[in-house]
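The block underneath contains the structure these notes are about, expressed in structure tokens.
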Amino acid sequence: MPEGPSIVILKEQAYSFKGKKILEATGNTTLIDKALLVNQKIVECKSWGKHFLICLPKLTLRIHFMLFGSYSINEQTKPNPRLSLQFAGGKALHFYACSVRMITEDLDEIYDWSGDVMNESWNPSKARKKLKAIPDTLVCDTLLDQAIFAGVGNIIKNEVLFRIRVHPESKVGKLPPRKLAELIKEARLYSFNFLEWKKAFELRKHWLAYTKKICPRCNIPFIKVPHQGKTKRRAFYCGNCQLLYR
DNA sequence: TGGAATGTTGGAAC
DNA sequence: CGTTCCAACATTCC
């Protein structure tokens with residue numbers, strides 16, 4: 001559930017709770033004072049990268065699903081929610097196995113919306129500038145850097161690199177300008193494809209690289225690296241058609 | 001059925 | 001003192 005597009009889906013589902021008052025807040029979270037939430041109205045629902053944000057008049061709830069987190073709407077589908085918010089008419093939001101935090105600062109001070117690949121104010125030139133500053137970093141690590149590509153996760157990383165035919169262990173500073181531009185463009189483009197496929201419950205069938213064994217372009221076995229780069233995440237790539245720049 | 005995985009943090013270690 | 005490494009968190013699937 002964790003990559004950026006999935007959080008956008010949640011945000012859109014949560015829009016129907018805007019203007020509704022929290023009647024009760026329960027759950028096993030210890031990091032927030034649940035009493036502060038009661039009788040507060042949801043003013044807005046936002047997302048930044050993998051963060052889901054529920055805005056109340058005086059504070060914002062930040063939900064991060066980590067690796068295992070999940071949610072359900074209205075019906076509680078699992079035991080021991082981390083946080084449950086009850087509304088009138090039996091409506092509810094339930095969050096499981098996630099990190100819940102309270103934000104009291106102005107969101108615009110904390111979040112650079114232009115760094116979120118799913119955001120309408122996504123700024124490719126800023127991403128390019130950030131990448132130029134870290135030329136020796138492996139591209140696989142740059143895609144997972146939330147300060148550059150907020151919302152991109154390991155599935156998107158593998159798919160983007162396959163699409164643009166770049167070996168994950170290429171140094172970002174060695175990419176020709178056109179490839180660098182492609183990297184930035186595809187990070188956003190693929191994320192929106194991911195969003196549409198996920199909405200249609202057909203995400204997996206569109207995977208070309210992630211968890212795949214054979215390269216669909218070359219028909220030869222993919223290389224699988226269990227813990228690649230500084231981020232130590234799974235990599236699936238073709239040693240033939242994904243070029244190594246170094 | 002043990003191990004690994006769509007992720008991040010915080011503190012130890014160097 | 002800055003950087004790097006690793007355990008911890010906690011659920012689901014194969």
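Below, each value reflects all heavy atoms present in this structure, side chains not excepted, and no hydrogens, waters or symmetry copies. Proteins get letters first, then strands, A, B, ... in listed order; numbering begins at 1 in each.
For A:K50 and A:R101, each mapped to the nucleotide of DNA chain B holding its nearest heavy atom, the one lying further toward the 5' end belongs to A:K50. Comparing A:K224 and A:T231 along DNA chain B, the residue whose closest nucleotide (by nearest heavy atom) sits nearer the 5' end is A:K224. Comparing A:P79 and A:R204 by the nucleotide of DNA chain C whose heavy atom lies nearest to each, the residue mapping closer to the 5' end is A:P79.
When rounded to the nearest whole Å, the span between OH of A:Y210 and C1' of B:dT6 equals 5 Å. Atom NE2 of A:H64 and atom P of B:dG7 are 9 Å apart (whole Å). Atom pair A:L67:CG and B:dG3:P shows a separation of 18 Å (rounding to whole Å applied). One interatomic measurement links the two molecules: CZ of A:F68 to C1' of B:dA5, which rounds to 7 Å at whole-angstrom precision. Distance CG (A:N158) to P (B:dA5): 11 Å, rounded to an integer number of Å. Whole-Å rounding puts the A:F194 CZ to B:dT6 P distance at 11 Å. If you take CG of A:L144 and P of B:dA5, they are 14 Å apart, rounded to a whole angstrom. Whole-Å rounding puts the A:Q146 CD to B:dT6 C1' distance at 11 Å.
Distances shorter than 4.0 Å separate none of the side-chain N or O atoms of A:R82 from OP1 or OP2 on C:dC9. Taking 4.0 angstrom as the limit, A:K230 places a side-chain polar atom (N or O) nearer than this to OP1 or OP2 of C:dT4. Within the 4.0 Å cut-off from OP1 or OP2 of B:dG7, at least one side-chain nitrogen or oxygen of A:R233 is found.
In this structure B:dT6 sits in no base pair that meets the Watson-Crick or G-U test at under 3.5 Å. With both pairing distances under 3.5 Å, B:dT1 is matched to nothing as a Watson-Crick or G-U wobble pair.
Separation of the P atoms belonging to C:dC6 and B:dA4 is 15 Å when rounded to the nearest angstrom. Across B:dT6 and C:dT4, the matching C1' atoms stand 25 Å from one another, rounded to whole Å.
A:K58 and A:T104 are not linked by any side-chain donor-acceptor pair at a separation below 3.5 angstrom, with hydrogens and angles left out of the test. Residues A:S84 and A:H94 bring a donor and an acceptor atom of their side chains to less than 3.5 Å of each other.
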Only distances under 3.5 Å count here; give the side-chain donor-acceptor pairs of residues 150-164 of chain A to other protein atoms, sequence neighbours excluded, each with its distance to 0.1 Å.
from, atom 1, to, atom 2, distance (Å)
A:N154, OD1, A:K157, NZ, 2.8
A:N154, ND2, A:R234, O, 3.2
A:K157, NZ, A:R234, O, 3.2
A:N158, OD1, A:F236, N, 2.8
A:N158, ND2, A:N154, O, 2.8
A:N158, ND2, A:R234, O, 3.2
A:E159, OE1, A:L208, N, 3.0
A:E159, OE2, A:L208, N, 3.1
A:E159, OE2, A:A209, N, 3.0
A:E159, OE2, A:Y210, N, 2.9
A:R163, NH1, A:E186, OE1, 2.9
A:R163, NH1, A:N193, OD1, 3.1
A:R163, NH2, A:N193, OD1, 2.7

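Distances from the side chain of A:K78 to the nucleotides B:dT6, B:dT9, C:dT12 place C:dT12 closest.
Under a 3.5 Å cut-off, the side chain of A:S170 and the backbone N or O of A:Y245 do form a donor-acceptor pair.
Taking the six-membered ring for Trp and the full ring otherwise, A:Y96 and A:Y71 have centroids separated by 6.0 Å or more.
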